[in-house]
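Treat the numbers as computed from the prediction; the structure is a model and nothing was measured. For the single chain, residues carry numbers from 1 onward in sequence order.
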Amino acid sequence: MPRQRRETSNVGVRHGEWGEDVAVEFLRVHGYEIVDRNVRPCSRDRRLEIDVVAYDRMYDVMTFVEVKQHAQRSPYATRLRSVDRRKRDLLRRACRTWIAKERWTGAYRFDVIEVYGTPNAACRAEIDHIPGVRLFEKTERFVDWNR
């Protein structure tokens, strides 16, 4: 069961939470089972956080999802522009910690969902789902989506 969201006055945080809500609904509609949200698998390192952990029933794979919310698309920026090397290292550590803590022995992958829009916009949000982003080593149980 997802945790209750706390009220905040920070507009960026509220938009990020809205983006996560949109991404979670997108995943549910596409057959994913939401396992957890905003997971901090290591209490000693607060930087390690996984936005969404979801189980993809169709492919029998645990999916770690990073959600990025943007007000609008930019013709000058590429997809995944905000998942830099430092962020990838933190995400990799967070996912490996979750796998060890939960004793997950199945396959897993890492996805990014980019949500374009704002909570009060007149039009619906646009969603870019990028499955199988290369985050893990080939020797791990990572599902290579791009084979």
Side-chain angles (χ1 to χ4, degrees), residues 1-73 79-84 86-138 140-147:
M1 172 172 251
R3 288 171 264 209
Q4 280 292 345
R5 300 246 183 219
R6 65 185 184 283
E7 290 299 315
T8 180
S9 61
N10 185 330
V11 173
V13 171
R14 282 198 317 263
H15 284 202
E17 289 174 353
W18 170 80
E20 285 182 17
D21 291 342
V22 169
V24 164
E25 187 58 30
F26 172 85
L27 291 169
R28 281 191 179 123
V29 165
H30 287 87
Y32 290 75
E33 176 186 333
I34 305 304
V35 175
D36 209 345
R37 292 178 67 174
N38 302 110
V39 180
R40 292 191 187 273
C42 179
S43 60
R44 292 178 300 188
D45 192 346
R46 301 292 294 168
R47 298 172 304 160
L48 302 183
E49 181 181 13
I50 305 167
D51 290 337
V52 180
V53 179
Y55 180 70
D56 184 348
R57 292 184 207 133
M58 182 182 292
Y59 294 99
D60 189 29
V61 61
M62 192 62 68
T63 307
F64 302 103
V65 182
E66 175 70 9
V67 178
K68 293 297 182 184
Q69 188 270 333
H70 309 285
Q72 60 187 4
R73 288 185 187 271
R79 293 178 358 158
L80 303 175
R81 66 179 175 248
S82 50
V83 184
D84 60 9
R86 184 185 76 65
K87 181 67 174 174
R88 280 194 311 269
D89 290 343
L90 290 171
L91 288 167
R92 186 180 305 111
R93 286 179 43 210
C95 294
R96 286 179 177 154
T97 303
W98 186 92
I99 289 166
K101 186 176 179 182
E102 298 297 324
R103 296 184 175 150
W104 178 254
T105 58
Y108 52 88
R109 72 170 191 254
F110 183 78
D111 293 3
V112 174
I113 294 182
E114 293 185 324
V115 178
Y116 297 93
T118 57
N120 301 322
C123 56
R124 293 172 26 132
E126 291 183 49
I127 298 170
D128 247 350
H129 181 201
I130 308 161
V133 173
R134 174 60 61 197
L135 186 68
F136 303 103
E137 304 300 325
K138 287 191 176 192
E140 297 184 57
R141 294 181 311 274
F142 174 76
V143 175
D144 192 354
W145 195 260
N146 302 311
R147 321 183 231 152

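For the pair Phe110/Cys95, a side-chain contact is recorded, criterion being any heavy-atom separation below 4.5 Å from C-beta on. Side-chain atoms of Val61 and Asp56, non-hydrogen and from C-beta on, do get closer than 4.5 Å to each other. When side chains are defined from C-beta on, Arg37 counts as touching Asp21, because their heavy atoms get closer than 4.5 Å. At least one side-chain heavy atom of Phe64 sits less than 4.5 Å from a side-chain heavy atom of Ile99. The shortest side-chain heavy-atom distance between Arg57 and Tyr55 falls under the 4.5 Å cut-off.
Under the 4.0 Å criterion applied to side-chain N and carboxylate O atoms, Asp89 and Arg86 are not assigned as salt-bridge partners.
Taken from CG in Leu90 to CD in Glu66, the straight-line distance is 10.0 Å, to the nearest 0.5 Å.
With sequence neighbours left out, Asp45 forms a salt bridge (Lys or Arg N to Asp or Glu O under 4.0 Å) with Arg47, Arg93. Not counting sequence neighbours, the partners of Thr97 by the side chain to side chain contact (heavy atoms under 4.5 Å, CB included) test are Pro41, Cys42, Leu48. Remark: Asp111 engages Arg109 in a salt bridge (Lys or Arg N to Asp or Glu O under 4.0 Å) (not counting sequence neighbours). In this structure Phe26 satisfies the ring-ring contact (aromatic ring centres under 6.0 Å, His included) test together with His30, His129, sequence neighbours excluded. With sequence neighbours excluded, the residues that form a salt bridge (Lys or Arg N to Asp or Glu O under 4.0 Å) with Glu126 are Arg73. The side chain to side chain contact (heavy atoms under 4.5 Å, CB included) check on Glu102 picks up Trp98, with sequence neighbours excluded.
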One pair to check against side chain to side chain contact (heavy atoms under 4.5 Å, CB included): Thr63 and Leu27. What are the steps and the verdict? CA-CA 10 Å; Thr63 307; Leu27 291 169; over 6 Å; no
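Counting only distance, with no hydrogens or angles, the side chain of Gln69 and the backbone of Gly117 share a donor-acceptor pair below 3.5 Å.
Taking all atoms of both residues into account, the shortest heavy-atom contact from Gly19 to Val115 is O-CG2, 3.6 Å. Listed here is the closest heavy atom pair of Asp51 and Glu20: OD1-OE2, 3.5 Å. The two residues Ile127 and Val22 make their nearest non-hydrogen contact at CD1-CG1, 3.6 Å.
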